[in-house]
Amino acid sequence: MLKESMPRMERLRFSSALLILLALVSLDLTSWAWTVPDCIIADSSLFPNLSYYIPFCTLNPGLRLLASCSNVKDLAQTLERVPLDTEVLCLQGTVPTLQDNAFGHFPSLKLLRLQLGTLNITSKAFEGLDHLQHLFFEHHAPCCLSLLLPPNVLEPLRFLSSLSFQGYCLNYSQSIYLPVSLRHLTLRHSCLIQLQELQRVFPNLAPGPSLTPTTRSWVPFLEVLDLSYNLQLNQAGARALQGLKLHSLILDGTPLSTLDVLHSGVLHLDFLSLEGKGIEKLPENVTGYFDLHALDLGRNQIQNIEKGDLPSHSSLEFLSLHDNNLQSIPITFLSALPQLQSLNLSVNKLGLTLALPEGLISTNLRVLDLSHNQLCALPSGAFSFLPHLQELWLSGNNISSLSSDSLQGLRWLKTLDLNWNQIKVLKPGWLSPLPALTSLNLLGTYLESISGKQLQGPQRLSHLQLGSLTMLDIYPPWPPTLLSLEIQVTVSVQFTVLSGEPFLFLENLTLQANWLILKPDNTTFHFPSLRCLTLRGLSLFFQPQRFFPQQLPLLEQFSFWCDNDEAVDLHLFEMPRLRVLELGDLNFFYESSTTKLETLLKEVPQLQVLALSHMNLRNLSRASLRGLSHLRLLLLSSERALELDSSLEEFIPQMPQYVYFSDATFICQCESSWVEPWATQVPNSFVYGLEKSVCMANTSDYSKTLLFTFFSQHCPRDPELWAFLSSFTLVLLLMTLALLGCHRWPWLHQLYTFFYACWWKICGRGFRGQFHYDVFISCCEPDQAWVLEELVPALENPPPEGQGLRLCLPVRDFVVGQDRMDALVSSMGSSRATLCVLTGQALASPWCNLELRLATYYLIARPGTTRLLLLFLEPIDRQKLHSYHRLSRWLQKEDYFDLSQGKVAWDTFCEQLRRCLRKAGQERED
Ligand SMILES: *[C@@H]1O[C@H](CO)[C@@H](O)[C@H](O)[C@H]1NC(C)=O
Ligand SMILES: *[C@@H]1O[C@H](CO)[C@@H](O)[C@H](O)[C@H]1NC(C)=O
Ligand SMILES: *[C@@H]1O[C@H](CO)[C@@H](O)[C@H](O)[C@H]1NC(C)=O
Ligand SMILES: *[C@@H]1O[C@H](CO)[C@@H](O)[C@H](O)[C@H]1NC(C)=O
Ligand SMILES: *[C@@H]1O[C@H](CO)[C@@H](O)[C@H](O)[C@H]1NC(C)=O
Ligand SMILES: *[C@@H]1O[C@H](CO)[C@@H](O)[C@H](O)[C@H]1NC(C)=O
Ligand SMILES: *[C@@H]1O[C@H](CO)[C@@H](O)[C@H](O)[C@H]1NC(C)=O
């Protein structure tokens, strides 16, 4: 009987709270949401690195709230639970049809990315998306699916700026009108055969060959047209894009010839991308025809450039020839391209015979990329003819030694990238010709030591990357202007530190090494400006506090990844401003580890993001998170046998809004069963990754039981928790309404009153003036004799013998045959106070416990109108009470009566009880 009626009641209660919430949601007052299976809801402003955990969604800068759902089958069902103020929505799954107004509830949507397989789209599918800026349809191999778009489907999208189709054929769609706000149109991996098809599909793309009245008023809007990887696109058809004025045309991987482009009718073009088309020769005429400013010929097969090919390209400012097997370039190259500002020659074979063009000085070249060219040495004065060069990229070559000769003349050079060469020697003063250098990259060298003296020359070196494949000794003095420093050493790095403050302005520090040694070993670093600290790969016994013992007053992000299975005793020093803490591979469970999460987190009160990975955490309890009142995102990944302590149940209202579990397994135990209602029901909190998590009975259990399946099969559902959650929902709701119900919106106040009244009508059962009883007495069978003989007469008899109270006793007052549960709920609801008589036996009885829980529920759900009184008949450890912690928050001292001392306190008890009831009565009248 109990088992059946309890869930029914709870369902009723919960669904009514839910109803009200849904009503609210439709009023757009605020956003409420529950965790959605297969969906991840995120606030991308919290953690820029979030995209790592959300592989198939785009994080556009400036867009905040994101929802990404996979395995979508029933779109309406999925969307029901996505927050309404979502700005980015990514959906992956199989949905055959997009119905009218499919996203109408999401007026703030700015980016929509659909990977939904074969799609039929109704003409009003995008109705209401007034703010949508980006719309992507994607299907990944095999090419291609057919997509049917009705002609006016894009009409409502007045602010659409980019539209992309990948892996879809549009050849059944036609006459789709593009919004004039559109700047970027992509049709990649599609099955275009002729350019003309574009005119049929998008009639207002270009003014077209014939000037009809409609096209006469045509104004150009599109800037970028991307048709890459249309593997069958081989016919342009004369004047297919007649009159189109574009900024960029991207034809990578298409068989279309450059001649076709010339004859397509495009009037204006700045940038043409022709990557991966098997081109063997610099294309003729196309640059001259359009007066192109930029041409990308990457990943082709241009091995040689003839002198005669060049003049027609004289308008180019940007040219990329990366990955072409180029072996040489003509001496006159740069003089033939006088406007050239950026030349990308990476991934070629120029190094074999590096004879950089000489002679005429090129005054315009700003960026030169010669990385991955098998260069062994830089000839003396190699770049002296490029006085205005600002960026020189030389990574991935075989350069072994550098001297000032080779860098002569680069007076304005700002960026020098020498990563991943074979550098063993840096000659003294090698940087002296580079006074303007701000960024120097020296990762992946064979240097064994480097001294600050070798970095002298540049006046404002601010970004430095240093690395060695062995070990690196670093000697002072440091360039005083450093803002960002990255050191990557395979084995060990040894710093010799001068006294004083060598890193006054440093904001970002990244250190990756197995060992970190300081000399002398009693010195420490001073980083008064540090904002972002990343430590990776450090092994055994590394103790950051040895290196940074003082405050890091401005530190906002700290990322610490170890590289071993041994434990690390990590202690955080004072970081009053820390917002983001990322810890990985620290093995907290190791026996000798004295560090516990809670001690660690004490020092970082402002924390907003906590990401823990592979920590062997084992247990997450309330104590660990206590005090982190600003925590908004908790990310746990690669944790095994994790136990979500039942103390966290208490903490639900303060849990971070976003909690993600990624690749975590749990212990199968009913103590954690609170997790399910929390993850699936609590408003405004987004828990990801539990539906698919497995749990294990012990560490050698590999049966892969799903966590939620375990709960539903083995753990009795805790009605109190559900009740608690629904009351929590309600409290939140009422709070919101009360806040909103201020004078500025008087109608909201009425609404509030209305809902408040409704709620009580539905759930409150006897809200005002309907207290049939003064006291409902809950007790257990063994205590019944005492209650009937002693307590009842003392309370019920008319004064002066007793207190003259109206009592309700289940054993006496419940009608035989009545559903005990229903009776319990209704009489408890219509009593001014509930008095629980508690003994050790009572606490052991499930029925008594249930009564206590119900009473707790009323107490929390109806603060101020009902009272819960606890009468202890024998000494009981109060911590043993099921929801002691919760109770202690709601109960006052006067709500406990202790009669375990015998009859001595009887009179006091009666007096106290009377006072309490009087108070309850008064509050009720208010
Ligand atoms: C993002 O985080 C993951 C794991 O936390 C890490 O492996 C990855 O390197 C990070 N990526 C960036 C770009 O920081
Ligand atoms: C899509 O629309 C076409 C044409 O209206 C129809 O033939 C086809 O059955 C539809 N497909 C689905 C999956 O609804
Ligand atoms: C659409 O494109 C596909 C793939 O190229 C092709 O097989 C099909 O015949 C085309 N249909 C029409 C109507 O052009
Ligand atoms: C390229 O232009 C030159 C003259 O500007 C012309 O003689 C030649 O035929 C053109 N080549 C092509 C393929 O159009
Ligand atoms: C050169 O091109 C490659 C390939 O597109 C690119 O990764 C690299 O960043 C470019 N170099 C510069 C300096 O832009
Ligand atoms: C430091 O790192 C952050 C985050 O990666 C970056 O946004 C910022 O520009 C960097 N600051 C400097 C001075 O490099
Ligand atoms: C470090 O130790 C040296 C000698 O061992 C001592 O002279 C120096 O004062 C110490 N420095 C600090 C900061 O304790």
| remark: Residues at least two apart in sequence or cross-chain that pass side-chain contact (heavy atoms from CB on, under 4.5 Å) with Lys414, listed by chain then number, are Thr438

| With distance as the sole test, does Thr445 use its side chain to make a donor-acceptor pair with the main-chain N or O of Gly467 at under 3.5 Å? | yes

| said: Keeping Ser315 on the side-chain end and Leu292 on the backbone end, is there a donor-acceptor pair under 3.5 Å? | reply: yes

| task | Could you give me the CA-CA distance, side-chain angles and deciding distance for Thr496 and Ile474, then say whether side chain to side chain contact (heavy atoms under 4.5 Å, CB included) is met? | result | CA-CA 6 Å; Thr496 304; Ile474 302 178; over 6 Å; no

| Under 3.5 Å, side chain of Asn324 to main-chain N/O of Gln301, donor-acceptor pair present? | yes

| query | Between the side chains of Ser637 and Ser662, is a donor N or O closer than 3.5 angstrom to an acceptor N or O? | reply | no

| Hey, are the side chains of Leu370 and Phe383 touching, using non-hydrogen atoms and a 4.5 Å cut-off? | yes

| request: May I ask you to decide whether Arg536 forms a salt bridge with Asp585, counting only side-chain N to carboxylate O separations under 4.0 Å? | output: no

| said: Under 4.0 Å between a side-chain nitrogen and a carboxylate oxygen: does that hold for Asp252 and Lys277? | reply: no

| request: To the nearest 0.5 Å, tell me how far Ser484 OG sits from Leu530 CG. | output: 10.0 Å

| message | Please report the interatomic distance CD(Gln488) to CG(Leu442), rounded to the nearest 0.5 Å. | response | 12.5 Å

| request: Not counting sequence neighbours, list each pair that qualifies as a ring pair (Phe, Tyr, Trp, His ring centres under 6.0 Å) and has a residue in residues 451-492. | output: Trp478-Phe503

| query | Roughly how far, to the nearest 0.5 Å, is the CG atom of Leu63 from the CG atom of Leu66? | reply | 9.0 Å

| request: Quick one: which residue pairs count as a salt bridge (charged side-chain N to carboxylate O under 4.0 Å, His left out) with a foot in residues 462-489, not counting sequence neighbours? | output: none

| task | Taking Asn300 for its side chain and Ile279 for its backbone only, find out whether a donor-acceptor pair lies under 3.5 Å. | result | yes

| query | Side-chain donor-acceptor pair under 3.5 Å between Ser559 and Glu582, yes or no? | reply | yes

| So do Ile487 and Leu485 actually touch side chain to side chain, heavy atoms under 4.5 Å? | yes

| query | Is Glu639 reaching over with its side chain to a backbone N or O of Met615, donor-acceptor style, under 3.5 angstrom? | reply | yes

| Flag, side chain of Asn344 to backbone of His322, donor-acceptor distance under 3.5 Å | no

| request: Could you tell me whether a side-chain N or O of Gln454 sits under 3.5 Å from a main-chain N or O of Ser451, the two making a donor and an acceptor? | output: yes

| Stepwise, does the side chain to side chain contact (heavy atoms under 4.5 Å, CB included) test hold for Leu440 with Leu455? | CA-CA 9 Å; Leu440 174 62; Leu455 300 175; 3.9 Å; yes

| CE of Met471 to OG of Ser449: how many Å apart, nearest 0.5 Å? | 12.0 Å

| Between the side chain of Asp417 and the main-chain N/O of Leu394, is any donor-acceptor distance below 3.5 Å? | no

| task | Evaluate the criterion side chain to side chain contact (heavy atoms under 4.5 Å, CB included) for residue pair Asn364 and Leu340; output intermediate values, then yes/no. | result | CA-CA 6 Å; Asn364 279 311; Leu340 205 61; over 6 Å; no

| query | Quick one: do the Thr481 and Arg460 side chains pair a donor with an acceptor below 3.5 Å? | reply | no

| message | Using a 3.5 Å distance criterion without hydrogens, assess whether the side chain of Asn397 forms a donor-acceptor pair with backbone atoms of Leu375. | response | yes

| message | Under a 3.5 Å distance rule, please check whether Asp296 uses its side chain to pair with a backbone N or O of Leu319 as donor and acceptor. | response | no

| field | Side-chain heavy atoms of Leu612 within contact of Leu597, under 4.5 Å | value | yes

